[in-house]
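Below: the structure, in structure tokens.
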Amino acid sequence: MTRVYLDHNASAPLRPEAAEAMTSAMALRGNPSSVHGEGRQMRAVVERARIDVAELAGCDPASVVFTSGATEANAMAMKASAGPVAAAGIEHPSILENIGDLRAIACLPEGRIDLAALESLLDEDRDIAAVALMAANNETGVVQPVAEAAGLCRAAGVRLHVDAVQQAGKDGLADIWAHCDSMSVTAHKIGGPTGSGALIVRDPGAWPALIAGGGQEQRVRAGTENVSGIAGFGAAARSAALEADGWAEVRDRRDRLEAAMRARAPELRIVGGGAPRLPNTLCAAVPGIPSDLMTMRLDLAGIAVSAGSACSSGKVAASPVLSAMGVEPEIAGSAIRVSQGLYTTGQDIDRFLAAWSETVSAKSRAA
Ligand code: PLP
């Protein structure tokens with residue numbers, strides 16, 4: 001039986017056009033920094049991709065600094081800060097674990113940051129040099145009030161970095177880029193390869209290099225570029241930009257799924273359900289059914305979803321994102337994330353619902 005993949009927020013399948021662009025790039029030879037014909041051909045591949053990624057990000061191509069992914073881009077942005085950085089507990093670990101001096105932003109139960117708390121924090125703590133805020137959360141899909149936070153940052157004279165990884169391709173990034181100083185994106189969430197991403201910076205000349213040792217990427221990120229990975233990123237960005245209208249249908253399917261799940265389990269909790277969310281993401285919990293049990297049962301039925309909890313050393317710990325939202329441990333420990341892609345079908349969702357309902361019914365029978 002074919003498997004059903006509903007874990008696009010972890011990594012989207014590689015698009016055929018991205019694979020093709022990578023294969024073509026791998027057939028070339030040379031170093032993109034060399035001035036001979038071979039080098040110039042490699043350079044052309046990198047610069048073509050830079051234009052495509054810039055188009056997706058709504059920025060100038062000169063603002064795109066290619067990296068090994070969003071983890072590196074986020075780390076660069078955090079380590080470049082000249083002072084304390086304010087961030088909420090819902091941020092990705094590549095933000096939180098790279099901040100030297102963290103000032104916590106409170107989070108509302110619905111999963112959005114508390115803007116009033118951010119305003120007070122910036123007012124009271126004049127040492128804060130930057131704020132990090134994700135455009136949308138990877139676990140809950142909750143979309144953050146970037147424009148409003150940017151207004152507060154501007155008023156306080158503080159830089160704003162936005163992790164736009166999950167928003168990319170689903171909604172225009174131009175509106176976000178208009179409000180922030182730096183932004184991170186990654187290829188593998190939009191159908192490009194893993195290990196290829198970018199930090200978008202307004203003024204690369206003024207940006208400190210985290211990795212020094214070469215003049216590549218406008219001296220912001222040394223190292224010979226990953227040309228095939230960049231080519232795949234560019235091809236994926238081009239396709240993602242063309243397909244942005246398709247997400248309305250995904251949203252409808254997600255909302256219908258949510259209603260069908262609630263009809264079968266009235267005790268269902270949708271984490272972040274009261275907030276604006278990405279169209280493809282559903283974080284759902286049935287109290288009493290641990291997320292690892294549910295994901296395992298679904299996996300055995302041929303369906304891939306993620307647990308909304310982190311597993312370490314054999315113990316399932318509550319997800320830091322859900323903890324930061326104040327979600328009760330019982331709900332956090334039961335949360336699963338169902339994340340669709342543009343090519344998820346109604347049949348995929350039917351298969352998920354059937355397998356999920358079976359586990360829910362088994363629990364009711366056991367009760
Ligand atoms: N930021 C967010 C919100 C993510 O979801 C991820 C990936 O899971 C990352 C950053 C890290 O991206 P990468 O896998 O490219 O390092």
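As the structure lists them, so they are numbered: ligands from 1, and atoms in each ligand from 1.
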Would you call [X] and [Y] a side-chain contact if the rule is heavy atoms closer than 4.5 Å?
X	Y	value
R351	D348	no
L353	R264	yes
R262	I270	yes

Considering only heavy atoms of [X], which atoms of ligand 1 have at least one such atom less than 4.0 Å away?
X	result
M134	3 (C)
H188	13 (P), 14 (O), 15 (O)
G69	15 (O)

Looking at R253 and D350, does any basic side-chain N land under 4.0 Å from a carboxylate oxygen?
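No, this pair does not count.
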Given side chain to side chain contact (heavy atoms under 4.5 Å, CB included), test R251 with D255 step by step and report yes or no.
CA-CA 6 Å; R251 182 185 296 281; D255 292 346; 3.8 Å; yes
Which protein non-hydrogen atom lies closest to [atom], naming both residue and atom, and how far is it?
atom	answer
atom 11 (C) of ligand 1	T71 OG1, 3.4 Å
atom 12 (O) of ligand 1	A70 CB, 3.3 Å
atom 5 (O) of ligand 1	Q166 NE2, 2.9 Å
atom 7 (C) of ligand 1	K189 NZ, 2.8 Å
atom 4 (C) of ligand 1	H92 CD2, 3.4 Å

Would you say E91 touches ligand 1, if touching means a heavy atom closer than 4.0 Å?
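It does not; every heavy atom stays at 4.0 Å or beyond.
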Has R221 got its NZ or CZ under 6.0 Å from the middle of the six-membered ring of W207, at an angle within 45 degrees of the ring axis?
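Geometry flag: not set, cation outside 6.0 Å or 45°.
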Tell me whether V65 is reachable from I230 by hopping between hydrophobic residues (I, L, V, M, F, W, Y) whose side-chain heavy atoms are closer than 4.5 Å.
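Different clusters.
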Closest to atom 10 (C) of ligand 1 (judged by heavy-atom distance), picking from I95, T194, D163, T186
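When every heavy atom of I95, T194, D163, T186 is considered, D163 comes closest to atom 10 (C) of ligand 1.
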